[in-house]
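Before any comments, here is the structure.
All residue numbers refer to positions in the sequence shown, counting from 1.
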Amino acid sequence: MTKSLFPGFDGLMTLSRREGVDVRPTLLRVLTDLYVQTRVHSEDEQRQFVELATRLIDQVDDATRAAVKARLAVYPQTPVPILQKLGLVAAQEGRRVPLAREIAAPPPAPSPVRAPTEAEQRMASNMAMQPTDAAEIHDMFFHADASQRALILHNLEQTPLKAAPRIPTVRAKRAIQILEMAAIAGDVENFTYELGDSLILPSRVAAQIVDDPGGEALAVAARALDMPSPNFQRILLFFKPEIGNSVNNVYRLSRLYDRLGERSALVMLAAWRGSTLAVTRAKYQSSLHDGERQRARAGGSQTRPGVQPGSSPTVRTGTGGSSDH
């Protein structure tokens with residue numbers, strides 16, 4: 001079970017300790033979710049789950065351990081060693097220990113918000129992104145490689161271009177839940193629809209973000225929704241197996257995501273939205289230009305009359321060609 005989903009599991013653990021990107025809480029949650037989805041497991045699957053989960057339980061934070069404990073406490077096929085490890089059964093008895101209610105963590109203190117200076121407000125109002133600029137940023141990002149994309153996002157943090165407004169908190173939280181469920185189910189269609197709907201993007205751009213093989217575009221979209229890092233990592237592991245099965249790619253995108261600022265993501269979101277307007281304008285102008293050429297061609301093909309207005313025609317009589325006076 002776990003080998004097919006996480007062939008680079010040991011590599012991820014080693015890289016996590018060495019490089020400082022702690023993916024162990026996400027891996028334990030994912031392993032647990034996969035295990036409880038099936039009622040019956042083979043001996044090999046049980047052995048692998050016990051081996052991997054036992055290693056992770058001692059290395060994750062209390063919140064992750066509590067969440068996993070709650071899931072496995074109600075699952076009837078949880079292996080006894082895991083129950084003992086989590087304190088769900090006594091060491092000498094086979095009875096489950098009743099769980100106490102989980103203590104809610106206090107809400108984090110809001111970070112102080114610095115009011116923008118007058119110069120910053122004036123610059124933001126004067127530097128609204130034009131459709132041509134948006135299209136250029138959009139194309140530059142999607143044609144760049146991984147290192148170039150990281151540099152682009154870093155530069156967007158300092159750009160005076162106006163960012164898109166934040167997605168409302170209630171809408172963003174709902175989108176994160178739907179996106180994660182769609183990712184676990186492998187539902188590309190609903191994932192793409194929800195991403196476009198929550199970020200107010202056309203289906204063409206939403207599909208481009210989802211289909212992007214590098215994963216940086218998906219990281220930007222997730223940051224624009226203020227998605228917590230563990231949720232983004234789970235989406236990578238489920239929805240992007242070509243990324244989740246690579247130790248280097250998981251580490252690279254996790255590090256990029258943790259360093260990615262909200263402003264960079266919202267400026268890129270504004271570019272994605274504006275690029276559509278640029279494409280629409282280009283098509284509209286092209287059709288106007290074609291219409292003007294067709295009208296000019298039609299006007300030029302008309303024959304002029306032989307007699308100009310205001311002139312008197314010559315009247316010829318007889319055979320000698322003389323005119324009557």
Check: For Arg234 and Glu180, what are the C-alpha separation, side-chain angles and deciding distance, and is it a salt bridge (Lys or Arg N to Asp or Glu O under 4.0 Å)?
Finding: CA-CA 8 Å; Arg234 283 196 290 274; Glu180 190 169 357; 2.4 Å; yes
Check: Should we say atom CD of Gln46 is surrounded by more than 12 heavy atoms from elsewhere, each under 6.0 Å from it?
Finding: yes
Checklist line | Heavy atoms from other residues, nucleotides or ligands near CD of Glu189 exceed 12 (cutoff 6.0 Å) | finding: no
Note to self: Looking at every heavy atom in both Lys240 and Asp211, which two are closest together, and how far apart are they?
What the structure shows: NZ-C, 4.1 Å
Margin query: With rounding to the nearest 0.5 angstrom, report the CD to OG1 distance, Gln84 to Thr54.
Written below: 10.0 Å
Next item on the list: Quick one: pull up CZ in Arg263 and CG in Leu156 and give me the separation to the nearest 0.5 Å.
Entry: 8.5 Å
Check: Which heavy atom of Ile152 sits nearest a heavy atom of Phe141, and at what distance?
Finding: CD1-CA, 4.0 Å
Checklist line | Interatomic spacing from CD1 in Ile209 to CE in Met268 - rounded to 0.5 Å | finding: 9.5 Å
Check: Does Gln148 reach the main-chain N or O of Asp145 with its side chain, forming a donor-acceptor pair under 3.5 Å?
Finding: yes
Item checked: Minimum-distance pair of heavy atoms, taken over all atoms of Ser198 and Ala175 -> CB-CB, 3.6 Å
Notebook entry, point to check: Does the Glu45 side chain pair with the main chain of Ser42, one donor and one acceptor, at a distance under 3.5 Å?
Noted result: yes
Note to self: Restricting to non-hydrogen atoms, name the atom on Ile176 and the atom on Asp226 that form the minimum distance, rounded to 0.1 Å.
What the structure shows: CD1-O, 4.1 Å
Next item on the list: Decide whether Arg255 and Tyr251 meet the rule of one side-chain donor and one side-chain acceptor closer than 3.5 Å.
Entry: yes
Note to self: Among Val50, Thr32, Val36, Leu72, which residue satisfies the side chain to side chain contact (heavy atoms under 4.5 Å, CB included) criterion with Thr78?
What the structure shows: Leu72
Check: If you measure from CG on Leu52 to OH on Tyr35, what distance do you get to the nearest 0.5 Å?
Finding: 11.5 Å
Next item on the list: Please report the shortest heavy-atom distance between Leu179 and Leu195, naming the atom on each side.
Entry: CD2-N, 3.9 Å
Next item on the list: Quick one: pull up CE in Met181 and CZ in Phe238 and give me the separation to the nearest 0.5 Å.
Entry: 13.5 Å
Margin query: I'd like to know whether CZ of Arg171 has more than 12 heavy-atom contacts from other residues, nucleotides or ligands below 6.0 angstrom.
Written below: yes
Checklist line | Whether over 12 other heavy atoms sit under 6.0 Å from Phe142 CZ | finding: yes
Checklist line | Contact summary for Ser254 and Gln233, nearest pair of heavy atoms | finding: OG-NE2, 3.6 Å
Item checked: Distance-only donor-acceptor check, side chains Gln48 and Asp44, under 3.5 Å -> yes
Item checked: Sidechain-backbone polar pair: Arg29 side chain, Val68 backbone, donor-acceptor under 3.5 Å -> no
Next item on the list: Look at the side chain of Arg65 and the backbone N and O of Val60, then say whether any donor-acceptor pair between them is shorter than 3.5 Å.
Entry: yes
Check: For the atom pair CD1 (Ile167) and NZ (Lys173), what is the distance rounded to the nearest 0.5 Å?
Finding: 15.0 Å
Next item on the list: Answer yes or no: is there a donor N or O on one side and an acceptor on the other, between the side chain of His154 and the main chain of Ala150, under 3.5 Å?
Entry: no
